[in-house]
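Okay, so here's the structure we're looking at.
Keep in mind that the numbers below use all heavy atoms, side chains included, and drop hydrogens, waters and symmetry copies. Computed from a predicted structure; not experimentally measured. When a residue number appears, it is its place in the shown sequence, counting from 1.
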Amino acid sequence: MTGRSSTLRILALIFCVAIGIDLVADSTARADIAADLARCADGRVKTTMLSTPDLAAAESACSRVLAGQIDETDRQKAVFFRGLMRFLQVVQSGMMPGVDKSGAPTFSPPKQSQLRQALADIETAIGLDGPMKGEALALRVTVNQVLGNSAQAQADIGKAIDAAPGSATPYVQRALEHERAGDVTAALTDLDHAVAIDPAAGTALSARANLLRRLGLLVRARADFAAAARLGPPFRRLALVHKSEVELRAGDLQAAYDDLLTAARATGDLPPADLAATNADLLIRAGDLALDKLKDPAAAEKHYRDAEQLAARNWGAALGLARVAEQRGDRATAIAIYKRILAATEVTPKLYERMLASFQLKQLNMPMKRGNLGGFRSAFDIGVTAGRGSPDGLKRVALVIGQGDYRRLASLPNPRRDAAVMANALADMGFDEVEIAENLDTADLRGVPAIVAEKAAQADVVLVFYAGHGVEAAGVNYLIPVDAAPESDRDLQAGALTLADITAAAAKAKRGALLIVDACRDDPFAEARAVAASRAGGSQQTGAAPLRLHSGLATMAAVAPNSVVLYSTAPGEVALDGEGLDSPFVRALLETLTTPNQPIETVVRDTAAGVIEKTKGQQKPAAYGVAPTVALLPPVVRQ
């Protein structure tokens, strides 16, 4: 058995011969324990996401081993793996998508109470003298990082390094803590050390690649993702997806497309149901790339149809097929697909894909007119019934901005779609005026405060929604035009719009204002400079990384009375763009905007709670200002 010395084996054999008849029974018991220990320490956990029944079977095998006569080494191994299997069961049960009342998928982040048994097993393994003490400490770090207990995680990392100095894992975990604190130099130092310890450490390669990507050091990031992909499961699929994103940013469109397709064909790393859904999502992304970047509608159509075969209820594939039809000038087919989506999702009116299909259908039936006010167009020009006055007599105005097609900065796939869906939802809710603007350049974006101020002064309630790039510099928050140049931070003052200016303009509303900002991403200027250097053969790809990674927006120092500013995530943090059509923030926001008569405070609170749930606690919106008592949404929905 594992951990037994040859001397003990000889003594056991002599003992068995001496007792004669008991030999077979004891040998069988030992064989059973060995078999259970093999099931308990299921090696597949290193290469695939085991199904819940497999995890439960492994946990039961561990319990049977622990109930037998075993030495301390095997006891430590069994209790460690039982804790691991219990932890994975809780995490994976939360990852299994449910469906909320809007029809959108929901996920439940683990809670401390759910992990009590797992933590008890891990602590027992830590308390035993054996070779897995370092692994047990590292697992407790992981559990606490999942729970958001940063202080407890940090306290164990040093112990894990001392217990297993030859392990790369605790250095990766410490790098994560450094990165969360914005200390790029310390994070890279730890990741470099982890890779030096084990060049085949997939977690270290992937973590370093992700950090290098955020810094814009794309050549180095691409190399690390490629190395991680070569390791196979469980790193291959995700590394290929991230490598594709790097290649897209670097302008290597064909390589980006090829990597997405390779990732979509991966098998054996997920349970069958998850495998089909994941591959369908990746095929839709490949279809989007083929349609929008490679200009190959035939390839795009094939990928969308293949995705429908894998996941018939994934409406992203149907939306893609409708876009293919639009590009081919087949208006009738596009309309038929949008109507099919609307008919099939009638019971889930809050579903993002349904709202997007509704917006696109209205555009086809009544195309948008050219912007007549600084790039803004009225949503009512696309067939949405204009407001007829709210029962409470208040005038409500919304201005929606989506910035996605940046010319020299990283493009963003979601903002334009999110803006379209937001405009559609607010118009349907009964706002008297809904104005939408997309891809505003410097002149138009700098003119937004004047337009907002004019509209707000004539309204009781105003809502401004901005999705796109936004950065903080010297404590000032800026929203970025699509023609922004990345040469220096002076470009911010010269061409960007300060968040304070638009906030002050919205505050001119008579009863209350809500400014929603989904712009909390990494500094796009830092990445663009590095990308420009790499394309020009510059040295920035091999030079030192910046000391700090500026992410997200700064805290709002002051907000005008009766106004609230809602960030999609906390100051200094990065919002998630999501794996599908929309950002988690926008999906949560939409779910609160279809309930009539909601006050601003309720919309803000419920949206924040929804984002936290959907991102398993990774993203936590922040709000500033004192909400007025006025209802943001009209008392009734007008048909």
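- Looking at Asp306 and Lys302, a side-chain N of the basic residue comes within less than 4.0 Å of a carboxylate O on the acidic one, giving a salt bridge.
- Across Ala519 and Leu479, no two heavy atoms sit closer than the pair CB-CD2, 4.5 Å.
- Formation of a donor-acceptor pair under 3.5 Å by the Lys620 side chain with backbone atoms of Thr569 is not found in this model.
- Residues His178 and Asp190 approach most closely at CD2-OD2, 3.3 Å, considering heavy atoms.
- Counting only heavy atoms from C-beta outward, the side chains of Phe225 and Asp259 never approach each other to under 4.5 Å.
- Arg587 has no carboxylate O lying under 4.0 Å from a charged side-chain N of Glu591, or vice versa, which leaves the two without a salt bridge.
- The nearest pair of heavy atoms linking Leu289 to Ala256 is CD1-CB, 4.0 Å.
- Between Asp269 and Arg237 there is a salt bridge, with a side-chain nitrogen of the basic residue lying less than 4.0 Å from a carboxylate oxygen of the acidic one.
- Salt bridge annotation for Asp292-Arg323: present, with a cationic side-chain nitrogen under 4.0 angstrom from a carboxylate oxygen.
- Heavy-atom minimum distance, Tyr567 versus Asn477: OH-ND2, 3.0 Å.
- With respect to the salt-bridge test (charged N to carboxylate O, under 4.0 angstrom), the residues Glu353 and Arg313 do not qualify.
- A salt bridge does not link Glu177 to Arg174: none of the charged nitrogens lies less than 4.0 Å from a carboxylate oxygen.
- Closest of all the heavy-atom pairs between Gly470 and Leu553 is C-CD2, 3.7 Å.
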